[in-house]
Every structure is written in structure tokens, then in C-alpha cells.
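Note sheet for the following structure.
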Amino acid sequence: MIKNERLRVWVNQFLQDAEKPFSKEWNVAYGKVIFGCFLFALTDFLMVVPYGMAPGGVYGLMSVFNNLWGWPMDLVIFMDLPLFILGLVVLGGNLGIKTLVSVIFTWLFTWFMENIFYIPQYGYYPLIHSGEFISPEVFATLSSQIQEIYLPLRGIGKDVVLQYFKPDYLLNSIVGGLGYGVSIAMIFSAGATSGGMDVISMILHKYTHISLGVLVMIVDSAVALTSFVVGGDIRLPMFSIIFIFVESKVIDLVIDNKVNKTLLIITDNIEGMKTMILEDLERSGTVFKGSGLYLNTEKNMIYTTVNRKEYNKIKYSAKKIDPKCFITVISNTETLGEGFTELP
């Protein structure tokens with residue numbers, strides 16, 4: 001019986017959509033996820049892979065494999081999907097159906113760009129570059145010092161070099177970070193995550209209680225360091241970290257730079273709100289009783305603190321539970337205690 005109850009809760013958590021299916025809010029949310037996936041894949045295809053960068057995540061790691069061994073980028077699904085399944089096992093259904101949609105659509109757009117949009121004579125064409133492209137024959141006549149300035153414009157496969165180009169690492173890192181940041185911010189704002197290495201960070205957070213933001217930066221930076229084997233120097237890892245830094249700042253600007261939200265919820269459906277917070281979010285809170293100032297009727301108020309993703313779920317779920325509820329939102333600069341940053 002306990003197992004069946006846990007399974008029911010898990011399935012409800014996974015399948016739950018904060019928005020009513022095919023409503024305006026539902027369409028907007030899934031539109032954000034799908035467009036965010038498209039922009040992410042496009043940025044990866046035009047700015048990450050041509051440079052051999054690794055700005056975190058499974059796509060950054062696959063970029064390194066692509067440059068080293070010529071593995072097609074669409075093989076990333078064999079890393080992304082197992083990590084998502086691991087997250088479901090360890091973290092439960094809280095990853096949600098939108099995260100699965102994010103994983104699948106990002107891979108589909110990557111597959112489409114590599115197998116349909118890909119033009120053999122242009123290869124992994126860089127959007128950002130400096131100067132003209134030169135042929136392999138001209139490249140062979142240059143001195144070794146000048147050859148070091150250029151990067152190969154590759155086709156699918158490690159040894160397929162079509163032309164050579166002059167890279168602009170800094171501009172590529174800034175523009176690529178903007179692209180990644182906007183795309184991931186759109187996915188986050190819809191109540192989903194990008195899956196992949198985020199799952200590793202979330203699992204580590206569950207058992208270490210270290211800040212999730214810190215863990216994401218550590219995991220992504222560790223992936224960025226793997227790009228050292230592509231260029232053989234510290235340049236690619238450093239520009240990959242700049243890429244990650246710009247991405248994180250854009251996410252904060254687009255979504256909100258306050259990580260956690262404290263909510264004061266006044267509702268006539270106290271049980272419905274409690275069930276949503278306790279079971280769907282696995283959070284807690286405090287219930288206060290008071291009276292309305294005008295009619296002097298008894299009111300219930302829930303005081304709770306949630307993270308950014310949970311706040312989006314509450315924001316869209318509250319109307320279904322109690323259309324007349326009243327919510328005050330307070331942005332926190334820091335939250336200490338169980339479920340957040342450990343007390344010093």
C-alpha cells in the first residue's frame with residue numbers, strides 16, 4: 001500500500017502541469033520550452049562546436065568528443081536521457097514532464113541541424129569569426145606561427161577539414177553566452193530545467209546541501225576544463241568559463257536575480273494549498289489564522305519559502321486551487337535552514 005501511494009505521488013508529480021492543457025498559459029509555457037530548445041541548439045551548432053568550446057553541460061562535453069573523435073552531436077541523447085532517468089530515480093517526479101520535453105526537443109533540433117540544416121561544403125560554420133576563410137592548400141603554405149592563429153572549419157568527422165578561419169574567442173564567448181542564457185532562461189521560466197548536468201548538480205545538492213547555484217558552476221566549470229584537450233592550452237577552458245559566466249548573468253537578468261521567494265498566501269482553500277506545497281513541491285510552511293480587515297471574517301494564511309522553479313509552479317497552480325487567493329511575493333537575498341543554505 002505504501003509503495004502504491006508513493007508511486008501515485010511520483011506519477012502525479014511527474015505528469016502535473018501547472019497550466020490547464022491547451023489553455024493560453026499552457027501554450028505559452030510549452031512555446032517557451034520549445035523555442036528555448038531551438039535557440040539553445042542553434043547557439044550550440046554555430047558558436048560552441050566550431051570553436052571546440054565546452055561551456056558546461058552534456059552538450060559542452062559532446063562538443064569536446066566531436067572535436068576529438070568526430071562524434072556527431074546528435075549522439076548527445078545517449079548521455080542526456082540516462083541522466084534524466086537517473087534524476088527521476090534519485091530526485092523523484094519533481095523533474096516533471098516539461099523537463100523531458102526540454103531534453104527531447106533540444107536533441108531533435110540538434111539532430112535536425114546536423115542532418116538536415118548541415119551543408120557539407122560549409123561544415124560546422126562559425127557565426128563569429130575574424131577575417132577570410134582559407135583553403136587547406138593555402139594553410140599548408142603558412143608558417144607554423146601563423147597556422148596557430150587559425151582553426152579548422154570541420155565537416156562531420158574528426159579529419160574532415162574543409163577550410164580554416166580566424167577565430168574571435170572573446171566575441172564568440174559573449175554572444176554565445178547571451179544565446180545560451182536567453183534559451184535556458186526561457187526554459188526555466190516555463191517551470192522546466194534543461195536536464196543533463198543540471199541533474200548531477202541537483203543530486204549533489206540533495207545530499208550535500210551546498211547551494212545549487214554553486215554546484216552548477218562547479219560542474220559546468222569542470223566540463224569547461226575538458227576543452228583543454230581540444231586546443232592543448234588554457235585558452236579554450238578560460239573562454240568556456242567566460243561563456244558560462246555571461247550565460248549565468250543573462251539567466252539572472254531574464255528571470256530574476258533573487259534565487260528564493262517567500263510567499264504569504266491568503267486562501268479559503270487551505271487544504272488544497274497545503275497538499276500542493278507538501279506533496280507536489282515537498283516543501284513545508286507555517287499556517288497563520290487571522291481576520292479580514294473589512295468584513296472581519298476568519299482568514300487562513302500560509303507562510304512558505306520556495307526556490308525559483310517551485311515559485312513558478314505555485315504561481316500557475318494557485319488559480320486552479322483557489323481563484324480568489326491572494327499572494328504576496330518577497331524576494332530573498334539569502335535563505336538559511338533546512339532545504340536551502342545550511343546554517344553556519
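Not measured: the values here are computed from a predicted model. Just the heavy atoms: all of them, side chains too, but no hydrogens, waters or symmetry mates, feed the values below. Residues take their numbers from the sequence shown, with the count starting at 1.
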Original post:
Is N300 close to K289 at the side-chain level, that is, under 4.5 Å between some pair of heavy atoms?
Top reply: yes
Subject >> Nearest heavy atoms of A318 and I327, plus distance in Å >> reply: CB-CD1, 3.8 Å
**OP:** Drop me the distance from F35's CZ to M186's CE, to the nearest 0.5 angstrom.
**Re:** 5.5 Å
Subject >> Ring centre gap for Y51 and F239 strictly below 6.0 Å >> reply: no
Original post:
Run the side-chain contact (heavy atoms from CB on, under 4.5 Å) check on M197 and V58 step by step: do they pass?
Top reply: CA-CA 6 Å; M197 291 297 181; V58 292; 4.2 Å; yes
Original post:
Is the backbone of S284 close enough, under 3.5 Å, to the side chain of T304 for a donor and an acceptor to pair up by distance?
Top reply: yes
Subject >> Among T267, I265, N269, side chain to side chain contact (heavy atoms under 4.5 Å, CB included) partner for I321 >> reply: N269
**OP:** Report yes or no: do M238 and V48 belong to one cluster of Ile/Leu/Val/Met/Phe/Trp/Tyr joined by side chain heavy-atom distances under 4.5 Å?
**Re:** no
**OP:** Report yes if the side chains of L236 and Y169 come closer than 4.5 Å at any heavy-atom pair, otherwise no.
**Re:** yes
**OP:** Identify the residue among N172, L170, I174 that makes a side chain to side chain contact (heavy atoms under 4.5 Å, CB included) with I128.
**Re:** N172
Original post:
Would you say S102's side chain and K98's backbone share a donor-acceptor pair under 3.5 angstrom?
Top reply: no
Original post:
How are the rings of F288 and Y303 set to each other: parallel, tilted or perpendicular (split at 30° and 60°)?
Top reply: perpendicular
Subject >> Rounded distance [0.5 Å steps], CH2 in W111 versus CG in L75 >> reply: 13.5 Å
Original post:
Is it true that the side chains of Y311 and N260 contain a donor and an acceptor less than 3.5 Å apart?
Top reply: no
Subject >> Sidechain-backbone polar pair: S221 side chain, I218 backbone, donor-acceptor under 3.5 Å >> reply: no
Original post:
So, do P50 and L46 sit near enough that their side-chain heavy atoms are less than 4.5 Å apart?
Top reply: no
**OP:** Quick one: closest heavy-atom pair of P55 and E247, and the distance?
**Re:** O-OE1, 4.1 Å
**OP:** Decide whether S331 and K261 meet the rule of one side-chain donor and one side-chain acceptor closer than 3.5 Å.
**Re:** yes
Original post:
Going through the checks in order, is the ring-ring contact (aromatic ring centres under 6.0 Å, His included) test met by F165 and Y150?
Top reply: CA-CA 5 Å; F165 70 96; Y150 288 85; 8.5 Å; no
Original post:
Should E114 and Y124 count as side-chain neighbours, where that means a heavy-atom distance under 4.5 Å?
Top reply: yes
**OP:** Report yes if the side chains of V49 and Y59 come closer than 4.5 Å at any heavy-atom pair, otherwise no.
**Re:** no
**OP:** Assert yes or no for the condition that the ring centre distance of F133 to Y125 is strictly below 6.0 Å.
**Re:** yes
